[in-house]
Amino acid sequence: MARKLAQNGIAYQRGRDFAGMVRFVLPRNSDDIPDIVRLLRDPLQWPGERTPFVQPHHVLVGHGGNMHGHPGQPPKVAGPLPDPDKASLGHGKGVVVGVVDTGISKSAGTDHPLWLSGAFLAKLEEVDAAYAHDDVFAVEGGHGTFVAGVVRQAAPGVRFDPEKALDPAGIGTEEDFVKALSSFDEKVQVVNISLGCFTQDDVASEPVRRAVAALPTDVVVVASAGNQGTNRPSWPAALPSVVAVAAVAQELDGTRSPACYSNHGHWVDACAVGNRTSTFLKGQWVLPGETPEVYDRFAYWLGTSFAAPHVAGRIAERMTTLGLSAALARDHLLAGPEFFPGYGVLVD
């Protein structure tokens, strides 16, 4: 590879390898990486040799609203959730759900004693920094805390093992993702991933694929489909072994329809309501020219980011109520008819 880059006059440095992949770093002002990748993928460049597998190093983003595609808005201020239903407190008990996200707020347990207290071990490297400065939220600050609350609304008895793959702006790299997915402290049965990326020519991200494949075979992975309103595959959701979740919009009268912002397609397995109220933080959103919105631990948000953890929680709930493994609970949950073409089975 280095020889071929040099032959084509492409400046590079050898980067730090990860996930079994060799990394080459191009100049910071290089804007022709897609063309370079296509050049290196061309079999004519490799006469008598095996054509190497070449990809850009991808950036992954959180699938809440905000700035990463439709619906393109911050969360809204919401009132507190009602107390958990006492009859459902055992649902998911004994199941550990890995939450690969921005981390979870260090104050989540005390802010939400009925929903998140005792649900996870707070470790410094797994805390969501959340704020851009002072008490002003970053673009996706609180995303992981919100996701955790959605899981627990579906299965109030589960525990979490949070791992950070995104910064508070909702941005991470494939390397961040690989590290997060290999760093669980507990034995997880279900993993929720409310983030993803598109790739050049829609070829699966190889580091992401390898990280998912390296998980134990009895672990079920659930991932959000993304919010760009397209049928392009988003990774890791589109991997065959992953439960890809699209979003459904629910109106005040209970009517449900495919969310216009949700990604969809033959690679999607399930859908769930994407507009939800969940656990959040104290702070404020400050947008230019608008009055700041002040939050007191709860928010209303929409995106496939919040459809996916509902499905992850429901898998955990089925595991305990029906005595099933994670894989059998997943299969049981997804046995129904397709809700709408390209949206998969509706999970209530």
Side-chain angles (χ1 to χ4, degrees), residues 84 88-104 108-109 115-123 126 144-165 177-196 208-225 236-237 239-245 269-270 272 278-279 304-335 344-345 347-348:
S88 67
L89 292 180
H91 293 174
K93 188 173 183 179
V95 178
V96 180
V97 177
V99 177
V100 178
D101 214 284
T102 61
I104 297 179
W115 285 107
L116 298 179
S117 179
F120 63 101
L121 295 175
K123 299 180 66 176
E126 296 166 359
T145 304
F146 194 102
V147 163
V150 174
V151 175
R152 269 223 152 183
Q153 288 176 64
V158 302
R159 285 183 48 77
F160 300 113
D161 189 346
E163 295 294 341
K164 288 179 70 170
F177 178 85
V178 169
K179 180 180 178 182
L181 214 61
S182 62
S183 300
F184 292 118
D185 302 305
E186 301 184 47
K187 165 61 178 173
V188 298
Q189 290 87 26
V190 182
V191 176
N192 184 83
I193 302 170
S194 288
L195 56 91
V208 168
R209 186 198 69 78
R210 292 186 183 197
V212 171
L215 291 169
T217 56
D218 59 349
V219 173
V220 169
V221 179
V222 179
S224 52
L239 292 171
S241 62
V242 173
V243 179
V245 183
D269 303 290
S278 189
T279 51
T304 58
S305 269
F306 317 122
H310 176 74
V311 173
R314 291 284 280 135
I315 290 172
E317 176 268 328
R318 291 286 173 96
M319 290 174 67
T320 54
T321 57
L322 300 179
L324 301 174
S325 67
L328 288 177
R330 171 201 61 201
D331 295 346
H332 188 274
L333 195 67
L334 301 182
V345 176
V347 177
D348 286 318

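FYI, side chains are in, hydrogens and waters are out, and symmetry mates aren't considered; it's all heavy atoms of this structure.
Residues passing the side chain to side chain contact (heavy atoms under 4.5 Å, CB included) test with Ala223, sequence neighbours excluded: Ile193, Pro236, Ala237, Val242. Partners of Ser88 by side chain to side chain contact (heavy atoms under 4.5 Å, CB included), not counting sequence neighbours, listed by chain and number: Asp85, His91, Pro156. For the side-chain hydrogen bond (donor to acceptor under 3.5 Å, both in side chains) test, no residue two or more places apart in sequence or in another chain qualifies with Thr145. Partners of Lys187 under the salt bridge (Lys or Arg N to Asp or Glu O under 4.0 Å) rule, at least two apart in sequence or in another chain, are Asp218.
Taken from CD in Glu186 to CZ in Phe120, the straight-line distance is 11.5 Å, to the nearest 0.5 Å. A distance of 8.5 Å separates OG in Ser278 from CZ in Phe306, rounded to the nearest 0.5 Å. Rounded to the nearest 0.5 Å, atoms CD (Glu126) and CZ (Phe184) are 9.5 Å apart. To the nearest 0.5 Å, the span separating NZ on Lys164 from NZ on Lys179 amounts to 10.0 Å. To the nearest 0.5 Å, atoms CG (Leu333) and CG (Leu324) are separated by 10.5 Å.
Counting heavy atoms from C-beta outward, Val345 and Asp269 have side chains that stay 4.5 Å or more apart. The side-chain heavy atoms of Val191 and Val222, taken from C-beta on, include no pair separated by under 4.5 Å. When side chains are defined from C-beta on, Gln189 does not count as touching Val220, because their heavy atoms never get closer than 4.5 Å. For the pair Leu195/Ser224, no side-chain contact is recorded, criterion being any heavy-atom separation below 4.5 Å from C-beta on.
Screening residues 315-335 for salt bridge (charged side-chain N to carboxylate O under 4.0 Å, His left out) gives Arg314-Glu317 as the qualifying pairs, with residues at least two apart or on separate chains.
When only modelled atom types and interatomic distance are considered, Ser183 and Asp185 share no side-chain donor-acceptor pair under 3.5 Å.
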Which donor-acceptor pairs under 3.5 Å do the side chains of residues 97-104 make with protein atoms, sequence neighbours left out?
| unit_1 | atom_1 | unit_2 | atom_2 | d |
| --- | --- | --- | --- | --- |
| Asp101 | OD1 | His143 | ND1 | 2.5 |
| Asp101 | OD1 | Gly144 | N | 3.3 |
| Asp101 | OD2 | His143 | ND1 | 3.2 |
| Thr102 | OG1 | Asp128 | OD2 | 3.0 |
| Thr102 | OG1 | Gly144 | N | 2.9 |

Step-by-step side chain to side chain contact (heavy atoms under 4.5 Å, CB included) determination, Phe160 to Val96: CA-CA 5 Å; Phe160 300 113; Val96 180; over 6 Å; no

